[in-house]
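Accompanying notes for the structure given below.
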Amino acid sequence: MLYDNLDTTGGRLIFAGADTVALAEKYGTPLYLMDEEKIRANCRAYRTALDACVCPGSSAIYASKACSFAGIYKIIAEEGLGADVVSAGEIYTAKKAGFPMERAYFQGNNKTDADIRFAIDAGVGYFVCDNFEEIDALDRIAEEAGIKQKILIRVTPGIDPHTYAAVATGKVDSKFGIAVETGQALEAARLAVSKKNLVFEGIHCHVGSMVFDSDVFIRAADVMLGLMAEIKNKLGHELKILDLGGGYGVGYYDGQGKIDIPANIRAVAEHVGEAAKRLGIETPSLRLEPGRSIVADAGITLYTVGSVKKITGYKNYVSIDGGMTDNPRYALYQSKYTVVTANKTDAKDTITADLVGRCCESGDIVQPEVSFPADIARGDTVAVLTTGAYNYSMASNYNRIPRPPIVMISNGADRLAVKRESLDDLILNDII
Ligand code: LLP
């Protein structure tokens, strides 16, 4: 199967050692399942490679936009990673979960004054400043708070990762960061150096997501190191952190390709070490910000089939009790997924049908042209694989559909990590 935490012996889908059909019965559907061991193993792959690499003091920061809920911050904290947070909501969740906030990096292209105050109060370790206005505002608010705030500056190295447009963020014309090519990144550095209440420690970039080619990171690193050297030579300011963002891809279907993350980290770090020497700057400590590659293969979603519609001479639909509200990624990006009929994995005869959700919208497709058992019927359990990233975190209440719960599986034992939203939760803020 796609990943080593999946098994279909006995005609049923086993995930992380647990029987998915039994879990669907126990907790109801739709249901997100997460494999704690897999999350931890993914964290360790980064941590071990970064600890051993030639850039001293390097570390991984989990991009929590990929999947944010209290329990995940606890796991990340235990595994020694930092957390990339992008909103007061993520900061609040991390803090409530007891995350060591000095390991938090606050990202985002529009942090309001209120966000900045909130993050400073929460003790966020680093701000990743996206623009000139933020550098000014942060300096002013840090002074009011009587602190010196550590920062990185987010820049765009002008690298196109050639994945998909919605996630290509490192290009010169991106809404994120400050362009190196135009000289504006150096100007932002000059501004940061002049600020008394900011401690300017490094630069950051994030070229995009679903990157399978380490050359993308190496090219980005070259531009970034060039900027670090320029900052040293022109401003007399030596930086110690090089944050190359996240973006390592994961396989959503067989044959999509695999990436050896530890080998890639080694290659990138060695390149950085050599290039730094050549440029006459100190070898920076690296930060990587994986989101998807920490949680994607640690998650699957279970649904119950409600109807099988065969439009004679046209096409077939299998409707499930979830859809674009719990997984908007096909609707947004035409993302591919692997779909398994969890209670009939041995089926020989098949039919092809679109797997569609229950929303009042034709675009509510979870996956087109899926192969199902020929006898697929109401009541069957369907699993969509590799849904641990950007599913729960992008879920909505469109059509007033409550968000599903998350059940964490650890050594074969299941526990509720996030409760199912209730109808009362849906009207919590409505004035009646
Ligand atoms: N760092 C920064 C600054 C980012 O903006 C992101 C992702 C990451 C790290 C983590 O990237 P990853 O390792 O997960 O590729 N909703 C889209 C993905 C948007 C990613 C946004 N930024 C999707 O479902 O594919």
Side-chain angles (χ1 to χ4, degrees), residues 39 42-43 45-46 59-68 72 76 81-87 90 104-111 126-131 134 152-157 159 161-171 174-178 202-214 216-217 220 224 241-252 256 259 261 264-265 268 286-299 301 324 326-337 366-367 384 386-396:
I39 301 171
N42 290 339
C43 290
Y46 275 94
S59 62
I61 300 161
Y62 167 61
S64 65
K65 70 205 78 177
C67 189
S68 175
I72 203 120
I76 295 302
L81 272 67
D84 153 357
V85 288
V86 295
S87 65
E90 286 185 357
Y105 291 66
F106 189 17
Q107 307 265 356
N109 66 312
N110 185 10
K111 305 176 185 80
Y126 285 87
F127 275 66
V128 182
C129 293
D130 178 273
N131 50 65
E134 182 185 337
L152 310 181
I153 294 180
R154 177 165 183 171
V155 306
T156 47
I159 306 282
H162 297 298
T163 57
Y164 54 108
V167 295
T169 54
K171 296 193 288 180
S174 169
K175 80 163 178 172
F176 298 103
I178 306 172
I203 50 174
H204 166 285
C205 70
H206 171 74
V207 290
S209 276
M210 286 299 282
V211 175
F212 285 94
D213 180 5
S214 72
V216 168
F217 291 98
M224 301 295 278
I241 296 176
L242 172 58
D243 186 334
L244 292 174
Y248 280 123
V250 306
Y252 285 90
Q256 192 177 14
I259 182 162
I261 291 173
N264 269 273
I265 291 176
V268 172
L286 287 182
R287 299 289 179 278
L288 293 180
E289 293 168 354
R292 192 187 314 267
S293 51
I294 297 291
V295 284
D297 60 354
T301 310
M324 65 189 288
D326 57 78
N327 182 357
R329 295 192 70 257
Y330 183 80
L332 284 173
Y333 321 116
Q334 291 74 56
S335 302
K336 281 200 182 174
Y337 281 100
V366 174
Q367 200 57 202
V384 177
T386 333
T387 57
Y390 303 112
N391 273 231
Y392 175 69
S393 61
M394 291 176 77
S396 77

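If you're wondering where the values come from, they're calculated on a predicted model, not measured in any experiment. First listed ligand is number 1; within each ligand, the first listed atom is number 1.
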Please list every donor-acceptor pair under 3.5 Å in which a side-chain atom of residues 243-252 meets a protein atom from a residue at least two apart or in another chain.
| unit_1 | atom_1 | unit_2 | atom_2 | d |
| --- | --- | --- | --- | --- |
| D243 | OD1 | G245 | N | 2.9 |
| Y252 | OH | R292 | NH1 | 2.9 |

A student checking ligand 1 against S209 at a 4.0 Å heavy-atom cut-off should list atoms 11 (O), 12 (P), 15 (O), 20 (C)
Ranking H204, K65, R154, R292 by closest non-hydrogen atom to atom 4 (C) of ligand 1, top hit is K65
Counting from 1 in the order shown, the ligand 1 atoms closer than 4.0 Å to a non-hydrogen atom of M394 are 16 (N), 24 (O)
Note to self: If we count only N and O atoms by modelled type, under 3.5 Å, do the side chains of E90 and S64 hold a donor and an acceptor together?
What the structure shows: yes
Per-atom filter on ligand 1: closer than 4.0 angstrom to a heavy atom of R329 are 23 (C), 24 (O), 25 (O)
A student checking ligand 1 against G246 at a 4.0 Å heavy-atom cut-off should list atoms 1 (N), 9 (C), 13 (O)
A student checking ligand 1 against D84 at a 4.0 Å heavy-atom cut-off should list atoms 1 (N), 2 (C), 9 (C)
Sorted by chain and residue number, the side chain to side chain donor-acceptor pair (under 3.5 Å) partners of N264 (sequence neighbours excluded) come out as S214
| message | I'd like to know if P290 contacts ligand 1, where contact means a heavy-atom distance under 4.0 Å to any ligand atom. | response | yes
Margin query: Heavy-atom contact check, 4.0 Å cutoff: does Y333 meet ligand 1?
Written below: yes
Is a side-chain donor or acceptor of D84 paired with a backbone partner of K65 at a separation under 3.5 angstrom? no
Is the terminal nitrogen or CZ of K111 (NZ for Lys, CZ for Arg) located under 6.0 angstrom from the six-membered ring centre of F127 and within 45° of that ring's axis? no
Contact check: Y248 vs ligand 1, nitrogen or oxygen atoms, below 3.5 angstrom
no
Checklist entry - Is it the case that H206 and Q107 place a side-chain donor and acceptor less than 3.5 Å from each other? => result no
Per-atom filter on ligand 1: closer than 4.0 angstrom to a heavy atom of A63 are 8 (C), 9 (C), 10 (C)
Heavy atom of G247 under 4.0 Å from ligand 1? yes
Of E289, Q107, R287, the one whose closest heavy atom lies nearest atom 9 (C) of ligand 1 is E289
Notebook entry, point to check: Checking S59 side chain against R287 main chain: does a donor-acceptor pair fall under 3.5 Å?
Noted result: no
Expected output: side-chain S393 to main-chain S68 donor-acceptor under 3.5 Å: no
